[in-house]
Amino acid sequence: MKGKKFSDIGNDELKAKLVAGTKVIDIRRPEEWKQTGVIPGSHLLTFFDADGNVNPQFGAELQKLISGPADEVVFICRTGRRSQVLSEYLSGQAGFTKVANVEKGITSWIQDGGEVTEAETPENCWLC
């Protein structure tokens, strides 16, 4: 993608970022977290509902997880499409400078043997 300001990463890079302590934010919906499990240590913060509506509290909840747009953050969804849309927005219009998108999402992570754990409903759950 021409002029892209975020990184698409694969599972090996995701593993390295997890080890380094980078914030990984799973933007899927609660039923998706329960269906597949989640990456241990990831933060659960829904971005889109099933109809494509954006969580009106997403920005405020994201600010609770990071100190600002210069923080490194990784977004993951089911296949990488929703997290790509969010990564494009944050890096292109909201001034974020260290954004990464897990290119093939949690489905690829699981297929490659990546660890998942049962999802615990977060306090800030928008759709729960």
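Position 1 is the first residue of the sequence, and the numbers go up from there.
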*Please check if Val38 and Leu127 belong to a single hydrophobic cluster, counting links between Ile, Leu, Val, Met, Phe, Trp and Tyr side chain heavy atoms closer than 4.5 Å.*
no
*Ion pair present between Glu61 and Lys64, side-chain N to carboxylate O less than 4.0 angstrom?*
yes
_Are Phe75 and Trp126 linked, directly or through intermediate hydrophobic residues, by side-chain heavy-atom contacts shorter than 4.5 Å (ILVMFWY only)?_
no
*Say you draw a straight line from SG of Cys77 to NZ of Lys104; how long is it, rounded to the nearest 0.5 Å?*
13.5 Å
*Show your reasoning for whether side chain to side chain contact (heavy atoms under 4.5 Å, CB included) applies to Arg81 and Gln84.*
CA-CA 5 Å; Arg81 181 63 190 131; Gln84 178 185 16; 3.0 Å; yes
*Straight-line distance of Leu44 CG to Glu123 CD, nearest 0.5 Å*: 12.0 Å
*asked:* side chain to side chain contact (heavy atoms under 4.5 Å, CB included), that's the test. Do His43 and Lys23 meet it? Break it down for me.
replied: CA-CA 7 Å; His43 300 273; Lys23 294 262 194 293; 3.4 Å; yes
_Using salt bridge (charged side-chain N to carboxylate O under 4.0 Å, His left out), reason through Glu32 and Arg29 one step at a time and then give a plain yes or no._
CA-CA 5 Å; Glu32 293 177 291; Arg29 297 183 307 274; 3.8 Å; yes
*Output the distance between atom CD (Glu103) and atom OG (Ser83), rounded to the nearest 0.5 Å.*
9.5 Å
*Verify the neighbour count for atom CZ of Arg78: are there more than 12 heavy atoms of other residues, nucleotides or ligands below 6.0 Å?*
no
_Apply side chain to side chain contact (heavy atoms under 4.5 Å, CB included) to residues Phe96 and Leu62 and explain how you reach the verdict._
CA-CA 12 Å; Phe96 281 68; Leu62 180 61; 4.0 Å; yes
_For Phe47, all residues meeting ring-ring contact (aromatic ring centres under 6.0 Å, His included), sequence neighbours excluded_ = Phe58
*Determine, using the 4.5 Å side-chain heavy-atom cutoff (strictly less than), whether Trp33 and Leu65 are members of one ILVMFWY cluster.*
no
*Looking at OG1 of Thr36 and CD of Glu31, how far apart are the two atoms once the value is rounded to the nearest 0.5 Å?*
10.5 Å
*Of all the heavy-atom pairs spanning Cys125 and Pro30, show the shortest one and how long it is.*
SG-CG, 3.5 Å
*Taking the hydrophobic residues Ile, Leu, Val, Met, Phe, Trp and Tyr, and joining any pair whose side-chain heavy atoms are under 4.5 Å apart, which ones share a cluster with Val102?*
Ile9, Leu14, Leu18, Val24, Ile39, Val74, Ile76, Ile106, Trp109, Ile110, Val116
*Take Lys17 and Glu72 through the test salt bridge (charged side-chain N to carboxylate O under 4.0 Å, His left out) and record every step on the way to the result.*
CA-CA 9 Å; Lys17 295 208 182 274; Glu72 185 173 18; 2.4 Å; yes
_Quick check for you: to the nearest 0.5 Å, what is the distance between Thr46 atom OG1 and Arg82 atom CZ?_
9.0 Å
*Taking all non-hydrogen atoms of both residues into account, name the closest pair between Pro40 and Glu115 and its distance.*
CD-O, 3.3 Å
_Evaluate Leu86 against Phe48 for side chain to side chain contact (heavy atoms under 4.5 Å, CB included), listing each step before the verdict._
CA-CA 10 Å; Leu86 177 58; Phe48 290 117; 5.9 Å; no
*Any donor-acceptor pair under 3.5 Å linking the side chain of Gln63 with the backbone of Ala60?*
no
*Could you grab the distance from atom NZ of Lys4 to atom OG of Ser91, nearest 0.5 Å is fine?*
9.0 Å
*Using the side chain to side chain donor-acceptor pair (under 3.5 Å) rule, take Ser108 and Asn11 through it: C-alpha gap first, then chi angles, then the decisive distance, then the call.*
CA-CA 8 Å; Ser108 174; Asn11 293 328; 3.1 Å; yes
*Judged by atom type as modelled, is there a donor-acceptor pair below 3.5 Å linking the side chain of Asn55 to the main-chain atoms of Gln57?*
yes
*With distance as the sole test, does Asn53 use its side chain to make a donor-acceptor pair with the main-chain N or O of Asp49 at under 3.5 Å?*
no
*Is there a donor-acceptor pair under 3.5 Å between the side chain of Asp26 and the backbone N or O of Arg28?*
yes
